[in-house]
Protein chains: 2
Amino acid sequence: MTPDADNAPTAEMPAVEATAEPEAVRAKSIPEAAVARLAVYLRVLSGLAEQGSTTISSEELSQAAGVNSAKLRKDLSYLGSYGTRGVGYDVQVLVSQIERILGLTRKHKVAVVGIGNLGHALANYGGFPGRGFPVEALFDLDPDLVGVPVGGLPVSHLDEIPKVCAERQISIGVIATPPTAAQSVCDRLVAGGVQCILNFAPVVLQVPAHIEVRKVDLAVELQILSFHVARRADLAANGNGGADGGPGGADNGSVNGHGNGMVVR
Amino acid sequence: MTPDADNAPTAEMPAVEATAEPEAVRAKSIPEAAVARLAVYLRVLSGLAEQGSTTISSEELSQAAGVNSAKLRKDLSYLGSYGTRGVGYDVQVLVSQIERILGLTRKHKVAVVGIGNLGHALANYGGFPGRGFPVEALFDLDPDLVGVPVGGLPVSHLDEIPKVCAERQISIGVIATPPTAAQSVCDRLVAGGVQCILNFAPVVLQVPAHIEVRKVDLAVELQILSFHVARRADLAANGNGGADGGPGGADNGSVNGHGNGMVVR
DNA sequence: GCATGTGAAATGCTTCACAGCC
DNA sequence: GGCTGTGAAGCATTTCACATGC
């Protein structure tokens, strides 16, 4: 995962205060794990909407999203009650509600730092996934790159990070630099006022408490896969006594869960 | 995080039983979340080793890895008892033990499918992170790319996936194609005998139960960050009256705070 | 009848706190 | 005195199972 799912959201906010909320109190504190899945549901639902579906049951949607239906319903219940018993959910309504919860009704400007192979790929992502995340600044250290437009946007120097980020109101910084530069880049992004960082560099960043960091770590992902290969080999080697019946049989229940995550980390 | 985690031996293991295991039973079933962190510790430790450190305490290592020390010790305890009370851990010993558990003592051949921006980045990663994951096959649909060497390896056509993967004993397939092609590529990788898949395409793959899948989903990561920005904005907007004192303050200490500040994220 | 929504149970993960050992 | 290793407590997430309402 999501990988990752580390993160300690804390923030409980028990009863909130007196100020009676006139309406839905929202901020009900929705589990981090559920948030990640909502993003997946959103993509599936958008696809369905384009194909003309208007309603869908939890069973169908859960299949398409690779989770079980109970989990899906629980996740959707965090949004409020937007289904119809005996029928299912209205696709458009779910799309809107998930977008609302995820804060996608507003744009989040992105800066990409480190225009190497990966940075290029990110900068060219065509406005970044699903709209709402326009790339509005690019940075690199290399003098040969500074000034050159990549994906229609000129590259600025690392030193400009704080100034440019502040000016353009960047809210998300993406770090795609070599590991040695990452912490320093991170500090400058924070100085520039970004609120969140998506880190592709294989280092653990130190950040102030109010900055949200997510990391995407290729080496870690591969090593997790390696672990599973090894474990499977172990089991096959000495795990089961005779019987069995070749691979695949193994049984072990494990439903088809599948899943994953994240990244998650 | 990957759910799956089915453990073979079910229950605990209160005492020995029936089929006496001749030796250490290893397969102790280590939590998925811990596996991901072990990979991080490994990187930190490798760095330390290169700088000449020979021992380290749980406190220091946990700081460097961005977790708290209790968690770190618990994680390391899954490896066995390799620390020295009153002293700390031997860096080299930990490195070896983590490598053993993660199955890094053996190579895992990788195939990259989809040689676009991202695929290029991956193919050029210079043998892939930290050794042990050699890229040994590249695939794309584009006739202009087939046959062209990328990072020293010629690109083959998608149709060759099953054959080439089987021949070269590829164990990990990396999908870096557009979403529409991903499921079909996945099926071919499975046909070619790969055991694990790392999926960069924004789709939920359907795979047989014995295949391990991890996904890296840029859109999901950004949307999770968006959620946190939104939540924070919400809190700031109606959470607390004036006072405050800038962002970050909020916190609202979850009551029992409990010392232990801990930097963490 | 059928599918949602949700308390409650089960499972899994993290944190605490301290015994054990150097 | 310091630091590891770990049972037990505390939380978080997932799953169950069924009342609820269309």
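Reminder, nothing fancy here: chain letters follow the sequence lines and each chain counts from 1. Just so it is clear, the values below take in all heavy atoms, side chains as well, and ignore hydrogens, waters and symmetry mates.
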Test side chain to side chain donor-acceptor pair (under 3.5 Å) applied to B:Asp75 and B:Tyr41, step by step: CA-CA 10 Å; B:Asp75 287 344; B:Tyr41 306 153; 2.6 Å; yes
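- The side chain of B:Ser58 contributes no N or O atom lying less than 4.0 Å from OP1 or OP2 of D:dC3.
- Side-chain contact of A:Ser57 with A:Glu60: a donor-acceptor pair under 3.5 Å is present, judged by distance alone.
- The nucleotide whose nearest atom lies closest to any side-chain atom of B:Ala70 is, among C:dC16, C:dG7, D:dT13, C:dC16.
- The side chain of B:Tyr89 sits closest to D:dT4 out of D:dT14, D:dT4, C:dC13.
- Smallest separation of non-hydrogen atoms from B:Lys71 and B:Asn68: N-OD1, 2.9 Å.
- When distances are taken from the side chain of A:Glu32 to each of D:dT13, C:dC13, D:dT15, the shortest belongs to D:dT13.
- If you measure from atom CD1 of A:Ile30 to atom P of D:dT13, you get 10 Å, rounded to the nearest angstrom.
- The side chain of A:Ala33 sits closest to D:dT13 out of C:dC13, D:dA8, D:dT13.
- Between A:Ser57 and the phosphate of C:dA3, there is no side-chain N or O to OP1/OP2 separation shorter than 4.0 Å.
- Annotation: proximity of residues 39-55 of chain B to DNA chain D (heavy atom, distance under 4.0 Å) is found for no residue.
- For A:Asn68 and D:dT15, the shortest distance from a side-chain N or O to OP1 or OP2 is below 4.0 Å.
- Of the two residues near DNA chain D, A:Asp75 and B:Ile56, the one whose nearest nucleotide lies more 5' is B:Ile56.
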Enumerate all atom pairs, one protein N or O and one N or O from nucleotides 18-22 of chain C, separated by less than 3.5 Å.
{"from": "C:dG20", "atom 1": "N3", "to": "B:Arg85", "atom 2": "NH1", "distance (Å)": "3.0"}
{"from": "C:dC22", "atom 1": "O4'", "to": "B:Arg85", "atom 2": "O", "distance (Å)": "3.3"}

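- What separates CG of A:Leu38 from P of D:dT13 is a distance of 13 Å, to the nearest Å.
- In this structure, B:Phe200 and B:Val174 have side chains that are in contact, with non-hydrogen atoms separated by less than 4.5 Å.
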